[in-house]
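Model, not experiment: these values are computed from the prediction. What's counted below: heavy atoms across the whole structure, side chains too, no hydrogens, waters or symmetry copies.
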Amino acid sequence: MLRVLAVDDEKPLLEELLYLLRSDPRVVSAEGASDATGALRRITRALETGADGPDGIDVVFLDIHMAGLTGLDIARLLAGFARPPLVVFVTAHEGFAVQAFDLKAVDYVLKPVRPERLAEAVRRACDQLSRPAARPAEPDGGPPAPAAPARHGAGAGSAPAGSTAGRAAEIAVELGGVTRFVPVADIAYVEAQGDYARLYTDAGSHLVRIPLSTLEERWAERGFVRIHRRHLVALGRIEELRLDSGTTSVRVGSAELQVSRRHARQLRDLLMRRATG
């Protein structure tokens, strides 16, 4: 059972978030704070009494853009304590997802918040708290790896999304609170961004919460090859291989991507085999 604190400086949004949290049977108490000062005051009281004390807080649901200190600032402060509460970011801005998970956030939920998506964030928090030694400052693997703000109804942002949901030829991405399925065949290359991967298609890009190494393994049979610690490329989308002063790069559409030395020979071999049939 979770004791939670919701922080948002927009009162209607805070009230809606509290309503949804209090409707979840796994949440035993839900308090609200309308600014960073109030939130820090309440969190300080919780830390002073201890995680198991009467004023303890298990999870803080944080907005990011607030007057004064931001949600990211609060999360950085919490990271300095031995047993801080878990953090879930609830925001209208998808651009801070990488920073959020660098701060060991459990989840990243995009507004408008959908009940199913918030329930998924609560589940993840419960799962993490149930792990042995889940609360120390440096947990053994950080936040749960699962992808993210899952499906429509799961309403999170493109940031954390990313489950194939059994559809091997497609990957789920979040766009404006709606889950869309992008065909893997449409993806030209993938770029690692922290705990995330950005998928590039001809139509644009999508951020998903899946490590690049996972996609490398999952899509190897679909012709994706690792060319750099930051890039995974669809072999069939490589238009040019360039050698210049000892460096190797490839052109994929309008993008030119560097090939690391450790991957250069394998890539040249694969391209030669492809060219010769």
Side-chain angles (χ1 to χ4, degrees), residues 1-8 13-14 16-33 39-40 42-43 45-47 49-64 71-72 74-79 81-91 96-111 113-151 153-157 159-163 174 195-196 209-210:
M1 302 293 281
L2 299 182
R3 299 160 298 173
V4 307
L5 174 67
V7 186
D8 197 314
L13 297 180
L14 177 60
E16 175 67 12
L17 180 57
L18 286 170
Y19 171 79
L20 293 174
L21 287 167
R22 289 166 179 162
S23 299
D24 193 306
R26 295 163 296 186
V27 175
V28 67
S29 66
E31 302 175 51
L40 288 174
R42 178 63 183 89
I43 293 168
R45 190 165 85 244
L47 293 170
T49 62
D52 300 321
D55 291 324
I57 295 173
D58 299 306
V59 191
V60 181
F61 288 78
L62 272 175
D63 186 21
I64 287 184
L72 293 170
I74 294 175
R76 290 188 187 99
L77 290 171
L78 291 179
F81 290 89
R83 297 186 69 197
L86 302 178
V87 171
V88 172
F89 286 101
V90 183
T91 176
F96 298 97
V98 172
Q99 296 176 60
F101 284 100
D102 282 345
L103 290 167
K104 308 302 183 188
V106 172
D107 211 341
Y108 191 93
V109 179
L110 279 189
K111 299 175 182 177
V113 177
R114 299 181 182 275
E116 297 90 343
R117 183 63 188 89
L118 190 64
E120 171 64 11
V122 170
R123 182 194 68 76
R124 291 179 183 172
C126 288
D127 286 351
Q128 186 155 336
L129 286 170
S130 68
R131 298 176 186 173
R135 296 293 288 275
E138 295 184 357
D140 59 357
R151 306 225 159 182
S163 164
E174 295 290 333
D195 290 335
Y196 288 77
R209 190 186 174 191
I210 304 179

Margin query: Under the criterion side-chain contact (heavy atoms from CB on, under 4.5 Å), I'd like the reasoning laid out for Val90 against Lys111: C-alpha separation, chi angles, the key distance, then a yes or no.
Written below: CA-CA 7 Å; Val90 183; Lys111 299 175 182 177; 4.2 Å; yes
Next item on the list: Could you walk me through whether Val87 and Val59 pass side-chain contact (heavy atoms from CB on, under 4.5 Å), step by step?
Entry: CA-CA 6 Å; Val87 171; Val59 191; over 6 Å; no
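Ring to ring, Phe96 and Phe89 are not that close: their centroids are 6.0 angstrom or more apart.
The distance from atom CG of Leu17 to atom CZ of Arg22, rounded to the nearest 0.5 Å, is 9.5 Å. Interatomic distance, Leu86 CG to Gln128 CD, rounded to the nearest 0.5 Å: 5.0 Å. The distance from atom CG of Leu14 to atom CZ of Phe61, rounded to the nearest 0.5 Å, is 12.5 Å. The distance from atom CG of Leu13 to atom CG of Asp8, rounded to the nearest 0.5 Å, is 5.0 Å. Considering CD1 of Ile64 and OH of Tyr108, their distance stands at 4.0 Å, rounded to 0.5 Å. The CG atom of Leu62 sits 7.5 Å away from atom CG of Leu5, with the distance rounded to the nearest 0.5 Å.
Panel note: side chain Asp58, backbone Arg3; a donor-acceptor pair is recorded below 3.5 Å. With Arg42 contributing its side chain and Asp55 its backbone, the two residues share a donor-acceptor pair below 3.5 Å.
Among all heavy-atom pairs drawn from Ile43 and Ile74, the shortest one is CD1-CG2, 4.3 Å. Nearest approach of Arg76 to Gln99, heavy atoms of both residues: NH2-OE1, 3.5 Å. Considering every non-hydrogen atom in both Gly56 and Thr49, the closest pair reads N-OG1, 4.0 Å. Leu78 and Pro84 get closest at one heavy-atom pair: O-CB, 3.2 Å. For the pair Leu47 and Arg83, the tightest heavy-atom approach, listed with the atom from each and the gap, is CD2-O, 3.8 Å. Considering every non-hydrogen atom in both Val106 and Ala125, the closest pair reads CG1-N, 3.8 Å.
Put simply, the side chain of Val122 does not reach to within 4.5 Å of the side chain of Asp107, judged on heavy atoms. Taking the side chain as every heavy atom from C-beta outward, Leu129 and Leu2 approach each other to under 4.5 Å. Proximity of Val88 to Arg124: side-chain heavy atoms (C-beta onward) are nowhere separated by under 4.5 Å.
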